[in-house]
Amino acid sequence: MFPSYRLHVSRLTRSATALLALFCLSATAQAQAAIHAVAAESSYGSMIETIGGDHVDVVSLLDSPEVNPHAFRADPQIARQLQDADLVVLNGLGFDGWMEPLLESTQSQQRQVIRASEAGSHLVMADKNPHLFYSPRIMLATASRVASALESLDPQHAADYRANLKAFEQRLAPIYSAVQSLIADHPNLSVTATVPVYSYMIALLGYANRYHDIQFASMDNHQPSARQVATFTQALEQRKVDLLIYNQQVHNRLTESQVATAKQAGIPTVGVSAIPLHGEDYAAWQVRQLDAIHAALDKAEAGAKRG
């Protein structure tokens with residue numbers, strides 16, 4: 001009797017082990033079946049993660065505070081990521097121009113490519129400012145295309161992608177709330193920037209954006225003229241603007257000099273980044289920077305009243 005019992009238990013154990021192995025293989029297969037998406041910048045990576053949820057594996061190529069996106073250089077590892085991708089999302093308008101030759105050299109019939117510059121073409125500024133991710137409207141237009149692409153790649157989870165697109169839209173609401181709060185407390189300002197990274201948000205705030213010429217001359221590591229530099233420096237010294245925005249990811253003598261001049265003149269200065277850093281949520285990134293601007297303006301206003 002006892003040997004028969006032990007044999008029965010042994011068979012049950014083997015059956016359970018086999019079932020467990022099948023379960024693990026199934027789970028592995030499901031994990032391998034996930035859509036592989038590559039975002040050129042973490043702003044788009046964060047958006048894809050929200051819409052794709054557990055069905056999508058996302059890699060953001062640019063997400064480091066140490067990298068100037070305009071000076072970024074791709075490597076063979078990125079080419080391999082793009083070769084294996086089912087979905088690629090990039091900014092366009094030359095901001096991530098290094099992506100285009102890589103996409104051409106890693107052609108795939110299955111891969112879908114979405115450019116924010118095409119998704120939100122009707123919202124692009126007349127000066128073709130490439131920092132599209134600072135426009136929540138362009139981001140939502142791009143998100144809609146991402147959701148459609150995921151539905152076509154994975155029809156089985158189409159309902160999830162549609163629901164997650166609505167969730168992404170709802171996550172943008174705090175950005176608009178922060179914008180309205182800033183406008184209410186500090187309306188009709190004149191602002192400038194070391195580079196035109198924040199122009200879409202400045203436009204949303206309704207602020208006058210001054211000295212475009214030096215901003216664009218400074219972009220892409222170009223050198224503005226001596227006249228442009230002198231005009232800009234004088235404007236800061238004479239407090240002709242209410243706020244200076246600078247890009248935290250750009251490190252050079254000119255930027256440091258401009259920020260120092262503004263601070264010495266008593267102009268609030270706030271650093272922003274071209275992308276969310278280290279996996280930060282897109283909407284949280286936008287709100288955090290708007291709050292930083294609000295706080296800097298509040299501090300300056302309080303100081304002026306005390307003075």
Side-chain angles (χ1 to χ4, degrees), residues 37 39-56 58 60 62-63 69 87 89-93 95-96 114-125 129-151 157-187 191 196-207 209 245 247 270-295:
E41 295 84 22
S42 56
S43 44
Y44 302 110
S46 171
M47 175 247 288
I48 300 170
E49 288 175 350
T50 300
I51 298 171
D54 294 336
H55 310 308
V56 181
V58 184
S60 294
L62 290 181
D63 67 351
L87 173 66
V89 180
L90 62 153
N91 186 81
L93 284 184
F95 181 81
D96 38 24
I114 295 172
R115 294 171 180 81
S117 57
E118 296 172 354
S121 58
H122 58 298
L123 299 168
V124 173
M125 287 181 162
N129 187 305
H131 303 95
L132 307 176
F133 33 80
Y134 267 114
S135 168
R137 294 176 65 196
I138 293 178
M139 286 297 291
L140 185 57
T142 307
S144 180
R145 290 204 181 183
V146 167
S148 296
L150 292 176
E151 286 184 40
H157 298 108
D160 291 344
Y161 301 133
R162 288 193 290 269
N164 291 343
L165 175 61
K166 291 181 180 179
F168 179 77
E169 184 175 9
Q170 292 171 354
R171 289 170 81 158
L172 299 180
I175 300 175
Y176 290 103
S177 295
V179 165
Q180 290 301 319
S181 177
L182 189 48
I183 293 172
D185 289 346
H186 301 282
V191 306
V197 63
Y198 207 60
S199 295
Y200 284 92
M201 186 56 69
I202 292 173
L204 187 59
L205 288 162
Y207 292 165
N209 193 348
I245 300 291
N247 189 339
V270 178
V272 299
S273 62
I275 55 175
L277 306 178
H278 296 315
E280 185 177 14
D281 174 75
Y282 170 77
W285 167 66
Q286 288 272 40
V287 170
R288 175 175 58 79
Q289 295 184 142
L290 286 163
D291 287 347
I293 292 171
H294 205 151

## Note on the structure
Those residues at least two apart in sequence (or on a different chain) that pass side chain to side chain donor-acceptor pair (under 3.5 Å) with Asp54 are none
### Task
State, yes or no, whether a side-chain contact exists between Glu41 and Asp96 at a heavy-atom distance under 4.5 Å.
yes
## Note on the structure
Nearest heavy-atom approach of Ala149 to Ile114 is CB-CD1, 3.9 Å
### Query
Please walk me through it: do Tyr282 and Ile275 pass side-chain contact (heavy atoms from CB on, under 4.5 Å)?
CA-CA 9 Å; Tyr282 170 77; Ile275 55 175; over 6 Å; no
#### Entry: Those residues that, when tested against Tyr161, pass ring-ring contact (aromatic ring centres under 6.0 Å, His included) (two or more places apart)
His55
### Summary
So CD of Gln170 and OG1 of Thr50: to nearest 0.5 Å the spacing works out to 11.5 Å
### Summary
Here the gap from Gln286 atom CD to Ile175 atom CD1, rounded to the nearest 0.5 Å, amounts to 4.5 Å
## Note on the structure
Heavy atoms of Ala116 and Leu132 approach each other most closely as C-CD1, 3.9 Å
Distance-only criterion, 3.5 Å: show the donor-acceptor pairs between side-chain atoms of residues 133-140 and protein atoms not counting sequence neighbours.
| residue | atom | partner | partner atom | Å |
| --- | --- | --- | --- | --- |
| Tyr134 | OH | Ser273 | O | 2.6 |
| Tyr134 | OH | Gln289 | NE2 | 2.6 |
| Ser135 | OG | Arg137 | N | 3.4 |
| Ser135 | OG | Ile138 | N | 3.2 |

### Task
Would you mind reporting whether Leu277 and Asp63 have side-chain heavy atoms less than 4.5 Å apart?
no
### Query
Can you tell me if Tyr200 and Asn129 form a side-chain donor-acceptor pair at under 3.5 Å?
no
### Query
Tell me, do Val272 and Met201 make a side-chain contact under 4.5 Å, heavy atoms counted?
no
### Task
Give a yes-or-no answer on whether the side chains of Gln180 and Tyr176 include a donor-acceptor pair shorter than 3.5 Å.
no
### Query
With ring centroids as reference points, do Tyr198 and His131 lie under 6.0 angstrom apart?
no
### Task
Check whether any side-chain heavy atom of Ile245 sits under 4.5 Å from a side-chain heavy atom of Val191, and report yes or no.
no
### Task
Of all the heavy-atom pairs spanning Asn209 and Ser199, show the shortest one and how long it is.
ND2-OG, 3.4 Å
### Summary
For Ser60 and Ser42 the tightest heavy-atom approach is OG-CA, 3.6 Å
### Message
Nearest 0.5 Å, please: how far is CG in Asp160 from CD in Glu151?
### Response
10.0 Å
### Contact list for residues 163-175, test salt bridge (Lys or Arg N to Asp or Glu O under 4.0 Å), sequence neighbours left out
Arg171-Asp281
### Spacing of CZ belonging to Arg145 relative to CD1 belonging to Ile51, to within rounding of 0.5 Å
13.0 Å
### Query
In Å and rounded to the nearest 0.5 Å, what is the CG to CG distance from Leu205 to Leu290?
6.0 Å
## Note on the structure
Sequence neighbours excluded, the answer for ring-ring contact (aromatic ring centres under 6.0 Å, His included) partners of Phe168 is none
### Message
Can you list everything that forms a side-chain contact (heavy atoms from CB on, under 4.5 Å) with Ser177? Sequence neighbours excluded, please.
### Response
none
### Query
Side chain of Ser46, backbone of Ser43: donor and acceptor closer than 3.5 Å?
no
### Query
Can any side-chain N or O of Asn91 pair as donor or acceptor with the backbone N or O of Ser117 at less than 3.5 Å?
no
### Message
Using side-chain heavy atoms (C-beta onward) and a distance below 4.5 Å, is Leu150 in contact with His157?
### Response
no
